[in-house]
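Below: the structure, in structure tokens.
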2 protein chains.
Amino acid sequence: MPATKSAAAAVEHTDASVRPRRTRGGPKGLRITDVAAQAGVSPITVSRVFNNPESVAPQTLERVREVVQKLGYVPNRLAGGLSSAHSRLIAAIVPTIAHSLFSETIQVFSETMSRAGYEVLLALSGYSASNEETLLDAVLSRRPEGVLLTGVAHTDWLRERLRNVGIPVVETWETTETPIDMLVGFSHYEIGAAVAGHFLQRGARHPALISANDERALARRAGFRERLARAGIHNVAEKIVAPPSSVEVGKGALPDLLSRAPDIDAVFCGSDLLAIGALGAARRMGLAVPSRLAICGFGDLEFSAETIPQLTTVRVDGTRIGLNAARFLLDRLNGGRSPDERRVLDVGFTIVARESA
Amino acid sequence: MPATKSAAAAVEHTDASVRPRRTRGGPKGLRITDVAAQAGVSPITVSRVFNNPESVAPQTLERVREVVQKLGYVPNRLAGGLSSAHSRLIAAIVPTIAHSLFSETIQVFSETMSRAGYEVLLALSGYSASNEETLLDAVLSRRPEGVLLTGVAHTDWLRERLRNVGIPVVETWETTETPIDMLVGFSHYEIGAAVAGHFLQRGARHPALISANDERALARRAGFRERLARAGIHNVAEKIVAPPSSVEVGKGALPDLLSRAPDIDAVFCGSDLLAIGALGAARRMGLAVPSRLAICGFGDLEFSAETIPQLTTVRVDGTRIGLNAARFLLDRLNGGRSPDERRVLDVGFTIVARESA
DNA sequence: CTGAAAGCGCTTACAG
DNA sequence: CTGAAAGCGCTTACAG
């Protein structure tokens, strides 16, 4: 009976004659049989202690748990998952978590899934669709039981593959009429339109745009331009920048915009970082913000609205997205909801502007 | 020969007579044998196409890849990992990724590991040691090949368990004389001392502290206080707050501090969020920053130094930590470095203060 | 360059 | 409440 890991190693050596050409795990690693032997029960009972403790007699339970404790046994979920077809793994595919509101979503999502006994496999796709496809396969090879996706702009290939796998999927941070499965998000188009409306209401005549060229930013751009078009404004100066956006990029974009369109009086930036950069550039150029030039960001990285009263921003509750995405998945995983029930939640947004702005 | 997933399901049914009491995976899921049959090779060859393509004849390689493509086969890494004892999984245990510089570290770490063929299992521990222990076991059950840890303040239990498992470990964001294995970080104590030095040099006579009570913040506090003590300042007003820190918490902390110690002329805050909140409170109370009250944060969330020139902050390169942590692990995993080679990297820090401050 | 046999460490589906 | 047998889908270590 192995009482320690080194003793277990000795057992392995003894067994070597029985298993001719394999010492694969090597001397490392306790197995369920080590615990079973030590506790005087079968491996099945040990398995039940972990996965279905109510079905085990109290004394047995306690004895097994003592042995587990003593040996420091940690079940191998690769084996468990393979055998049970339940990996207890959830995949989250996100463009980036650095300097981004997605980090809030992933934070809450991960905490919630973790509490429910799942682990989160994090896949960062950048902003490339091909990357997302590669990552999806890497991630599917772990046989996750659910997937969180960022955005709704996925290739047909990806949508098809995900549908074939048949696991619950939540798309987040965006809306669409045709979700792959479930959805928790808000309309970027409506945000763009709302910011345009806000600018118009403030009396802006020449609104402009600094936007990244990712799908969501471009949806905001569309809403922005179309709302302005309805107001008769068709010439909207714009600067499209490549992600990731940063303060530096924003700082460079504004002068460029102004050189081409000196009379702009409002700028909608694709992110708060861009807006902060634009604000810095405006200061340097002696343009009063917001009186001469209104600047609106996107994201409200908590301190933006708080600390930079000149800026307007759009607040989105990333936390609420993460929480509800987790709930949607868990409801499905726990069998409480049918796969045919397509759930969609629009969490909305808020434009945050100081009175003075 | 199954040519589609539904065809594969039919094969499962046919096999049902051979495998009496099991239909576990159910009709889902292509197996390596499906690909092998279709391509007219053995499963071993298919396995090689994925794991060791150079050892396969070019035509065979192509034929198998075509079938893989056509069927949409994705290998099952639960099975692969179990069989090979290589999970290709790396665990990252971090207190939080929301509003935090850790997100930068995880971003770069994850990208780097992903490029090397590993996936990252993300575990968010909050700031509790017991939570960290629970998470470690959850994570170890996946048999990761390496672990990234935040900080060096772990329980003996955790350090012991990690050592027993024998996989490479990198501790990050801190230094210690006794790392579990490898380390990429910087000295929080030195930062505290350096900020104290900075305040003293500016002529501060009554520096104060607003700090969270997590290990790293307390180390900065120790350095801060001891440097001040060497300058003969022993009464340092302080406000200890519970994580997570936020602008709101900082805004509440400063008035509290001032009510107890009205003559303070400098405050070192545990994070930029706290500093921003303190700045807001100072403004509201009519205290000029930094002339009447200097405020220093920690973290430099990119825009802090950029957009709030009144604040001083401490810049730490989270990106560099993530990159080097990944490199350390990969060097070990690729066998290029011996487990006995204890690698430690101090990435240092920078105090960022405007001339005017 | 390719394959048959055995095994990785669990859990399922029964039976008792 | 407990256990013997079989199998989950791969890969290793040989042999050829």
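To find a chain, count down the sequence lines: A is the first, B the second, and so on, and within it residues start at 1.
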Whole Å only: how far is the [atom1] atom of [X] from the [atom2] atom of [N]?
| X | N | atom1 | atom2 | result |
| --- | --- | --- | --- | --- |
| B:Leu82 | D:dC10 | CG | P | 12 Å |
| B:Leu61 | C:dT2 | CG | P | 9 Å |
| B:Ile32 | C:dA5 | CD1 | P | 17 Å |
| B:Arg88 | D:dT11 | CZ | P | 12 Å |
| A:Arg31 | C:dT11 | CZ | P | 15 Å |
| B:Asn52 | D:dT12 | CG | P | 9 Å |
| B:Leu78 | C:dC10 | CG | P | 14 Å |
| A:Arg142 | D:dC10 | CZ | P | 13 Å |

Within the pair [X] and [N], is there a side-chain N or O less than 4.0 Å away from OP1 or OP2?
| X | N | answer |
| --- | --- | --- |
| B:Asn76 | D:dC8 | no |
| A:Thr60 | D:dT2 | yes |
| B:Tyr73 | D:dG9 | no |

Next item on the list: Mind checking the CG-NE2 spacing from A:Asn51 to A:His86? Nearest 0.5 Å is all I need.
Entry: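 Taking CG in A:Asn51 and NE2 in A:His86, the distance rounds to 10.5 Å.
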Margin query: Could you check whether the side chain of A:Ser83 and the base of D:dG7 have a donor-acceptor pair of N or O atoms closer than 3.5 Å, going by distance alone?
Written below: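 Answer is yes: a donor-acceptor pair is held.
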Margin query: Can you tell whether the side chains of B:Asp331 and B:Arg343 come within less than 4.0 Å, N to carboxylate O?
Written below: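 Looking at B:Arg343 together with B:Asp331, the answer is yes, because their closest N to O distance falls below 4.0 Å.
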Margin query: Closer than 4.0 angstrom, basic N to acidic O: yes or no for A:Arg163 and A:Asp181?
Written below: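 Salt bridge absent between A:Arg163 and A:Asp181.
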Check: What is the minimum heavy-atom distance between B:Ala36 and B:Ser42, and which atoms define it?
Finding: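 Closest heavy-atom pair between B:Ala36 and B:Ser42: CB-C, 3.7 Å.
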Checklist line | Under 3.5 Å: donor-acceptor pair, side chain of B:Arg63, backbone of B:Ala39 | finding: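 Side chain of B:Arg63 to backbone of B:Ala39, a donor-acceptor pair under 3.5 Å: yes, one is there.
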Item checked: Ring-ring centroid check A:Phe109 A:Phe102, cutoff 6.0 Å ->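 No, the ring of A:Phe109 stays outside the 6.0 Å limit from the ring of A:Phe102, centre to centre.
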Margin query: Give me each pair satisfying ring-ring contact (aromatic ring centres under 6.0 Å, His included) with a member in residues 53-72 of chain A, each pair once, sequence neighbours excluded.
Written below: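 Passing the test, one end in residues 53-72 of chain A: no pairs.
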Note to self: side-chain contact (heavy atoms from CB on, under 4.5 Å), that's the test. Do A:Leu149 and A:Leu162 meet it? Break it down for me.
What the structure shows: CA-CA 11 Å; A:Leu149 247 33; A:Leu162 234 22; 3.7 Å; yes
Next item on the list: Using Watson-Crick or G-U wobble pairs with both distances under 3.5 Å, give me DNA chain D in dot-bracket, 5' to 3', with [ ] for crossers and | for pairs to another strand.
Entry: |||.||||||||.|||
Margin query: Under a 3.5 Å threshold, yes or no: a donor from one side chain and an acceptor from the other, between A:Glu119 and A:Ser114?
Written below: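 The answer is no; no qualifying pair exists.
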Next item on the list: Could you pick out which residue, B:Glu54 or B:Arg143, lies toward the 5' side of DNA chain C when each is mapped onto its nearest nucleotide?
Entry: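 Result of the comparison: B:Glu54.
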Check: For residues 41-50 of chain B, which residues have at least one heavy atom under 4.0 Å from DNA chain C?
Finding: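 Residues of residues 41-50 of chain B under 4.0 Å from DNA chain C: B:Val41, B:Ser42, B:Ile44, B:Thr45, B:Arg48.
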